[in-house]
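Notes follow the structure.
Remember, predicted model here, so these are calculated numbers, not experimental data. Every number for a ligand or one of its atoms is a count from 1 in the order of the listing.
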Amino acid sequence: MRIAFIGLGNMGGPMANNLARAGYELALFDLDSNKVEAVQAAGAAAANQAILAAATAAEAASGADIAFTSLPNPKIIEAVALSDEGILGALPRGAVWIDLSTNNLECESRIRAAAAAREIDFLDAPVTGGIEGAAAGTLMIMVGGDAQVFARCKPILEKIGNRVMHLGPHGAGYVAKIAQVVLCYLNSVALSEALMLGVKGGVPAHIMLGIIQGSTGASYVADRYGPAILDGSYDPGFALGLAHKDMALTLELARSVGATLPMCEQVEAIYKKAVDQYGFHQNHLMAVKLLEEQNGTFLRSA
Ligand SMILES: NC(=O)c1ccc[n+]([C@@H]2O[C@H](COP(=O)([O-])OP(=O)(O)OC[C@H]3O[C@@H](n4cnc5c(N)ncnc54)[C@H](O)[C@@H]3O)[C@@H](O)[C@H]2O)c1
C-alpha cells in the first residue's frame with residue numbers, strides 16, 4: 001500500500017507521521033520543503049523506513065493507491081487536483097483520493113466529477129480534534145462518499161483518527177464539519193464577551209473563567225481556549241485566516257441549503273475584521289483581541 005500525502009501543515013504533518021508509524025510507504029509533497037523534511041525525519045525515525053519527498057503533487061501521487069490532501073482552502077484544493085502538476089492526472093485508475101481539508105460543496109462536486117472521469121474514487125473526510133488530536137491519532141473523521149470505498153479505506157483512516165464515521169453520500173463529511181466547527185467560533189466570541197462582562201464588572205478573569213467552566217456555560221471552548229485567552233497566547237496551532245475561511249464556508253453552505261443564520265453572519269464579520277487588522281497567519285483567538293481593544297481591557301492582565 002503506497003500513500004501520497006499533500007499538505008503537511010499543523011494537521012497534515014502529524015497525520016502523515018501517524019501513517020508512517022503505521023508502516024505505510026509514503027510519498028510527501030508540500031510547497032514548504034521544511035514541512036516535508038520534518039515529517040521525513042520524524043516518520044523515518046519512528047518507522048525505520050525511507051519516506052519519499054516528491055518534487056510535485058503529481059510525483060507524490062504517481063503510483064499511489066491512496067492520496068490524502070490536507071490543504072488550506074477550496075481554491076488550493078482544486079489547483080492541487082487539476083493543475084498540470086496536480087494529483088488527478090497522476091493517480092492510477094482505481095486509486096482513492098481522500099480530502100481531509102475543510103472544504104465546500106461547490107468544490108467537492110467539481111473535483112469529484114474530475115476524479116470520476118479518471119476512474120478515481122473520492123471521499124470527503126474532514127477532521128476535528130485540533131493539532132493535539134492529529135498528533136495523538138484521536139481525530140474525529142467525518143466521511144462522505146461511496147460506502148464500499150469508505151469500508152476499504154476505514155482501516156487506514158483509523159491510523160489517524162479514533163472516531164471514523166461514514167455519514168452518507170458525497171459532501172456529507174464537509175457539511176457535518178462546517179456545521180460542527182461553526183460552534184467553535186460562535187462559542188469563542190461568546191466566551192470572550194462573557195469574560196469581558198465579568199472583568200468589567202470587577203470579577204478577575206481567571207475566577208470568571210472557573211465559574212463559566214463549572215456552570216451552564218461549560219464547553220470544550222471554555223476549557224481549551226479560555227486559558228489561551230487568559231495567557232495571551234491566543235492558541236497557536238490554528239490560523240486566524242483559516243478560522244475566517246471556516247466562517248465564510250458556513251455562510252456559503254447556509255446560502256446553498258437555504259438556511260438563515262444571523263449569529264453566523266455577525267461572527268463571520270468579526271473574524272473578517274480580525275484578519276484584516278492582524279493578518280491571516282496570526283493565531284485564531286486573535287479575534288478576541290478586537291473585543292479587548294474595543295473595551296480597552298486585555299483579559300490576560302485582568
Ligand atoms: N489546525 C486545526 O486545528 C484544524 C482542525 C481541523 C481542520 N483543519 C483544516 O485542515 C486543513 C489544514 O489545516 P492546517 O491547520 O494544517 O493548515 P496549515 O496552514 O498549517 O497547513 C496547510 C499546508 O498546506 C501547504 N500548502 C499550501 N498550498 C499548497 C499547495 N498548492 N501544494 C502543496 N502544499 C500546499 C502549506 O505549505 C501548509 O504546510 C484546513 O482545511 C483546515 O481548515 C485544521
So, does [X] use its side chain to make a donor-acceptor pair with the main chain of [Y] at under 3.5 Å?
{"X": "D235", "Y": "L285", "answer": "no"}
{"X": "S83", "Y": "V80", "answer": "no"}
{"X": "D146", "Y": "V149", "answer": "yes"}
{"X": "K177", "Y": "L100", "answer": "no"}
{"X": "R163", "Y": "T138", "answer": "yes"}
{"X": "D124", "Y": "G173", "answer": "yes"}

Give the residue, atom name and distance (to 0.1 Å) of the protein heavy atom nearest [atom].
{"atom": "atom 25 (C) of ligand 1", "answer": "D30 OD2, 3.3 Å"}
{"atom": "atom 21 (O) of ligand 1", "answer": "G9 CA, 3.2 Å"}
{"atom": "atom 9 (C) of ligand 1", "answer": "T102 OG1, 3.6 Å"}
{"atom": "atom 16 (O) of ligand 1", "answer": "M11 N, 2.8 Å"}
{"atom": "atom 3 (O) of ligand 1", "answer": "G130 CA, 3.6 Å"}
{"atom": "atom 17 (O) of ligand 1", "answer": "L242 CD1, 3.4 Å"}

Note, L26 side chain near L52 side chain (heavy atom, < 4.5 Å): no
Quick one: does H281's side chain get under 4.5 Å of L240's, heavy atoms only?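 No; the side chains remain at least 4.5 Å from each other.
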Which of these, N103, I77, D246, V80, has its nearest heavy atom closest to atom 31 (N) of ligand 1?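 Going through N103, I77, D246, V80 one by one, V80 has the nearest heavy atom to atom 31 (N) of ligand 1.
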Residue portion contacting ligand 1 (non-hydrogen atoms closer than 4.0 Å) for K35: side chain
Using heavy atoms and a threshold below 4.0 Å, how should the contact between L31 and ligand 1 be classified: side chain, backbone, both, or neither? both
Salt-bridge contact R300-E292 (side-chain N to carboxylate O under 4.0 Å):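 Salt bridge between R300 and E292, a charged N being under 4.0 Å from a carboxylate O: no.
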N-O pairing of K154 and E158 below 4.0 Å: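 A salt bridge links K154 with E158.
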Ligand-side contact atoms (ligand 1) for residue partner [X], heavy atom cut-off under 4.0 Å:
{"X": "V127", "value": "6 (C), 7 (C)"}
{"X": "F29", "value": "32 (N), 33 (C)"}
{"X": "K177", "value": "6 (C), 7 (C)"}
{"X": "K245", "value": "40 (C), 41 (O), 42 (C), 43 (O)"}
{"X": "S101", "value": "41 (O)"}

Under 3.5 Å, N or O to N or O, is [X] touching ligand 1 that way?
{"X": "N10", "answer": "yes"}
{"X": "L71", "answer": "yes"}
{"X": "G7", "answer": "no"}

Check contact between [X] and ligand 1, using heavy atoms of the residue and a distance below 4.0 angstrom.
{"X": "S70", "result": "yes"}
{"X": "P72", "result": "yes"}
{"X": "A79", "result": "no"}

Anything under 30° is parallel, anything over 60° is perpendicular, the rest tilted; go ahead and classify H284 against Y225. perpendicular
For F122 and Y174, take the angle between the two ring planes, folded into 0 to 90°, and tell me which bin it lands in: parallel under 30, tilted 30 to 60, perpendicular over 60. tilted
